[in-house]
> 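Below is one structure. I have some questions about it.
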Amino acid sequence: MSTPEAPTWPEEFAARYREAGWWRGETFGRMLRERAAEHPDRIAIVDPAGDPAGDPAEPRRWTYGELDRRADRLAAGLLARGITKGDKVVVQLPNIAEFFETVFALFRIGALPVFALPAHRETEIRYFCEFTEAAAYVIPAEDGGFDYRDLAAQVLAAVPTLRHVFVAAGDPGAFEALSDVPVDPNTDPITDPVTGPVSDPMSDPITVPDPPGPSDLAFLQLSGGSTGVPKLIPRTHDDYIYSLRGSNELCGVDASSVYLVALPAAHNFPLSSPGSLGALYAGARVVLCPRPAPEVAFPLIESEGVTITGLVPPLALVWTEAAPSSTYDLSSLEVLLVGGAKFSEEAARRVRPALGCTLQQVFGMAEGLVNYTRLDDPDETIVTTQGRPISPDDEIRIVDDEDNDLPVGARGHLLTRGPYTIRGYWKAPEHNARSFTPDGFYRTGDIVRLTETGHLVVEGRAKDQINRGGEKIAAEEVENHLLAHPSVHDANVVAEPDPYLGERTCAYVILRAGAEPLKPVAVKKFVRGRGLAAYKVPDRVEFVEAFPQTGVGKISKKDLRAAASATRAPVPQPGGPSQPTQT
Ligand code: AMP
Ligand code: DBH
């Protein structure tokens, strides 16, 4: 049912998707319970970081039974702290086992994880907490040399709704350790301050008073966006689980699969295409990779027998370069998914010879639609297209600037509607009126063409965004930060080509009349100082007197992009400043 916060599918579509068997009335809470009942002793999660309380040299291995019990106990503890159905909880965790304990506990209660990325900083996190009126924020103590407790202290001071900060790994400092939250329903009676007793102390598993249903929201995912602030994407249990089931089928994931989470776990791609949640749905094994560098990932592929993983194009390039001289045995790897940004045909051709596995291109979006090349597609299709939709009920339109449908083969705007594509962003009615057609098609902002075989080829982008190796940057968001500099009169941010990342950001800046001259590095420092994720800091800053204009006097980003390509700074070398940003 549509709410003012989250528009959803009209009833006739919902009925059709149920009838077709896409939506089966599943929830994440029940899914884990069922898998744990079916095969309690099978390994679900492998975290190479080890057990801080046990042997840190031995990977932690949680069975389905253990993950289920942990989710239950944490759910009980969160309820006891007053976190209930509908509450929002910003989850900003690296690739550690506690990520899954946390999100399944929240799923069970019906509280909604808001999936932040480890790279996000004060500006983004504060916005997520304020906008969703988050009740809690879950962090590691430290990761990648950054202290998330300092960030949490700033956010906590600024956001009145935020009642709890839980530290999932490391020294909690002034906050509560996540490991102190769980309660054992067998020994500790649990009382919700509002609804009273929530469990019978003798019963295990716990009984959640008002568990979420299949058409309830499961979480809020982030959009790369093209506007001043990131948009939040409301996904339901049933629609997301359908995308997992469909992905598993097309990617060959079954109970014997081993999925390596190489990208940040909360990102939609490694979460759901088919990702960790797809693997858990299948009863498979999820191996967490703390960093995607070959020297970290390759030993894990060998030791854990990884069969499938997903990478953004710059990392796929790094892996294909490293694999031929690697001493690790990568022969267990059957499928490498590559997506998030356009994978060049030349790079795609190198995957099988270098890694000995099947390439599967994936063109997806957190808003919904996911396209895969099929494992048995001809090699030419695999290396030259970005795949075709998961569902027979995914509707695809390719249209001109006036929304007229174009003939097959023509380049145009991709519009889509279907059983796992949202009908609107969370709490964004004005933006929704622009991003969706009146009959509910999502305007992806991608320029694509359709081949005779029904595969999509991504040809470009109409949205004002930079795709920096799979990390999306809304030009307007960075422009707003540049405009906050007292010496900046105006600013425009565009993409320029980069051999590794595909694109990187170039900021054109006009200084105020009479302002002291600025160095590019000072501008970058200023943007970084605004508390933004590092990948949003412009790679290049150019000062200009004026911006090129279109015939009607609007600023021409097209001309700026052309200028940026023509004057591109010297090509950076691998290992240099344009290596993929770790998020
Ligand atoms: P988001 O909406 O932030 O989840 O980002 C999804 C966007 O990433 C898509 O709309 C595309 O612009 C881009 N994208 C994802 N996968 C691919 C791919 N394989 N090739 C080209 N662009 C992609
Ligand atoms: O870029 C994306 O958002 C993306 C890419 C591949 C995605 O959301 C997905 C697969 O599910």
Side-chain angles (χ1 to χ4, degrees), residues 115 117 219-227 229-233 235 239-240 242-244 246-248 250-251 261-278 309-316 336-345 347-348 359-373 382-391 394 396 413-416 420-422 425 431 435-436 442-449 455-474 477 495 501-503 533 535-536 583:
F115 285 125
L117 294 172
F219 55 82
L220 297 174
Q221 184 55 282
L222 306 186
S223 158
S226 55
T227 53
V229 287
K231 293 282 167 291
L232 297 178
I233 298 170
R235 301 290 301 258
D239 93 76
Y240 208 67
Y242 169 45
S243 81
L244 304 179
S247 296
N248 283 348
L250 299 175
C251 305
V261 186
L263 295 171
H267 190 279
N268 199 61
F269 173 15
L271 196 63
S272 68
S273 296
S276 55
L277 294 182
T309 187
L311 295 176
V312 288
L315 286 168
L336 176 66
L337 289 134
V338 180
K342 178 82 181 255
F343 197 32
S344 75
E345 186 184 325
L359 167 66
Q360 187 165 32
Q361 294 213 41
V362 49
F363 162 40
M365 51 206 77
E367 288 81 356
L369 180 71
V370 180
N371 304 276
Y372 295 103
T373 55
I382 290 177
V383 298
T384 58
T385 81
Q386 279 66 57
R388 53 193 173 86
I390 293 178
S391 177
D394 280 323
I396 297 289
H413 302 273
L414 172 65
L415 312 184
T416 186
Y420 59 97
T421 296
I422 56 163
Y425 291 101
H431 185 71
S435 294
F436 294 81
Y442 167 53
R443 299 182 187 277
T444 65
D446 294 309
I447 306 287
V448 304
R449 74 181 157 83
H455 289 73
L456 292 169
V457 178
V458 180
E459 296 267 350
R461 190 166 55 236
K463 53 193 165 191
D464 197 6
Q465 186 184 74
I466 296 94
N467 189 333
R468 193 177 183 279
E471 289 177 313
K472 321 309 188 287
I473 301 159
E477 187 181 347
L501 297 168
E503 295 175 12
Y535 66 83
K536 296 180 185 169
T583 57

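Because the structure is a prediction, the values reported are computed rather than measured. When a ligand or atom number is given, it counts from 1 through the structure's own listing order.
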> Do P389 and V370 make a side-chain contact, defined as non-hydrogen atoms from C-beta onward lying under 4.5 Å apart?
no
> For ligand 1, note which part of Q361 has a heavy atom under 4.0 Å away: side chain, backbone, both or neither.
neither
> Taking atom 22 (N) of ligand 1 as the point of reference, which of S273, G368, A341, P313 owns the nearest heavy atom?
A341
> How far is atom 1 (O) of ligand 2 from its nearest protein heavy atom, and which residue and atom name does that atom have?
K472 NZ, 2.8 Å
> What protein heavy atom is closest to atom 14 (N) of ligand 1, reported as residue, atom name and distance in Å?
G340 O, 3.4 Å
> Using distance alone, decide if ligand 1 has a nitrogen or oxygen within less than 3.5 Å of any nitrogen or oxygen in L222.
no
> Is the shortest heavy-atom distance from the side chain of M365 to the side chain of I422 under 4.5 Å?
no
> Under 30°, 30 to 60°, or over 60°: which ring-plane class applies to Y442 and F436, parallel, tilted or perpendicular?
tilted
> For ligand 1, which is the ligand I care about here, please tell me if M365 has any N or O atom under 3.5 Å from one of the ligand's N or O atoms.
no
> Who's the nearest protein heavy-atom neighbour of atom 8 (O) of ligand 2, and how far?
N268 ND2, 3.0 Å
> For atom 3 (O) of ligand 1, find the nearest protein heavy atom and state the residue, atom name and distance (0.1 Å precision).
G224 N, 2.6 Å
> Taking side chain as C-beta onward, heavy atoms only, is D446 less than 4.5 Å from K463?
yes
> For ligand 1 and E367, I'd like to know whether there is a polar contact (N/O to N/O, distance under 3.5 Å).
yes
> Identify the protein heavy atom lying closest to atom 15 (C) of ligand 1, giving its residue, its atom name and the separation to 0.1 Å.
G364 O, 3.2 Å
> Any N or O of G225 that comes nearer than 3.5 Å to an N or O of ligand 1?
no
> Rounded to the nearest 0.5 Å, what separates atom CD in E367 from atom OG1 in T421?
9.0 Å
> Kindly indicate whether the side chain of N268, heavy atoms from C-beta on, has any atom under 4.5 Å from the side chain of Y240.
yes
> Going by heavy atoms in the side chains, are L277 and S272 under 4.5 Å from each other?
no
> State the atoms of ligand 1, each with its element, that fall below the 4.0 Å cut-off from a heavy-atom position in S223.
3 (O)
> Hey, is the main chain of Q361 close enough, under 3.5 Å, to the side chain of T373 for a donor-acceptor pair?
yes
> Counting heavy atoms only, name the option from L369, T416, T373, V362 that's nearest to atom 19 (N) of ligand 1.
V362
> Give the residue, atom name and distance (to 0.1 Å) of the protein heavy atom nearest atom 9 (C) of ligand 1.
D446 OD2, 3.3 Å
> Pull out every atom of ligand 2 sitting under 4.0 Å from any heavy atom of V362, numbered as shown with elements.
6 (C), 10 (C)
> Do ligand 1 and V458 have nitrogen or oxygen atoms that lie under 3.5 Å from each other?
no
> For atom 21 (C) of ligand 1, grab the closest protein heavy atom and report residue, atom and distance to one decimal in Å.
K342 N, 3.2 Å
> Specify side chain, backbone, both or neither for R461, according to which of its non-hydrogen atoms lie closer than 4.0 Å to ligand 1.
neither
> Please write down residue, atom name and distance for the protein heavy atom closest to atom 5 (O) of ligand 1.
K472 CE, 3.4 Å
> Which residue supplies the protein heavy atom nearest to atom 2 (C) of ligand 2, what is that atom called, and how far is it?
G364 O, 3.4 Å
> Which of the numbered atoms in ligand 1 are under 4.0 angstrom from any heavy atom belonging to G339?
19 (N)
> Counting each atom of ligand 2 from 1 as listed, which ones have a heavy atom of H267 under 4.0 Å away?
2 (C), 3 (O)
> CD1 of I233 to CG of L220: how many Å apart, nearest 0.5 Å?
9.5 Å
> Below 30° counts as parallel, above 60° as perpendicular, anything between as tilted: where do the rings of Y420 and Y242 land?
perpendicular
> So which protein heavy atom does atom 4 (O) of ligand 1 come closest to, and at what separation?
A366 N, 2.8 Å
> Is ligand 1 less than 4.0 angstrom away from at least one heavy atom of K463?
yes
> S273 heavy atoms, cut-off 4.0 Å: which ligand 2 atoms fall inside?
9 (C), 10 (C), 11 (O)
> Are any of the side-chain heavy atoms of I396 and L369 separated by less than 4.5 Å?
yes
> Could you tell me whether a side-chain N or O of Q221 sits under 3.5 Å from a main-chain N or O of A266, the two making a donor and an acceptor?
yes
> Just how far is it from atom CG of L244 to atom CG of D239, taken to the nearest 0.5 Å?
9.5 Å
> Find the distance between OG (S391) and CG (N371) and round it off to the nearest 0.5 Å.
11.5 Å
> So, D464 side chain and S226 main chain: donor-acceptor pair closer than 3.5 Å or not?
no
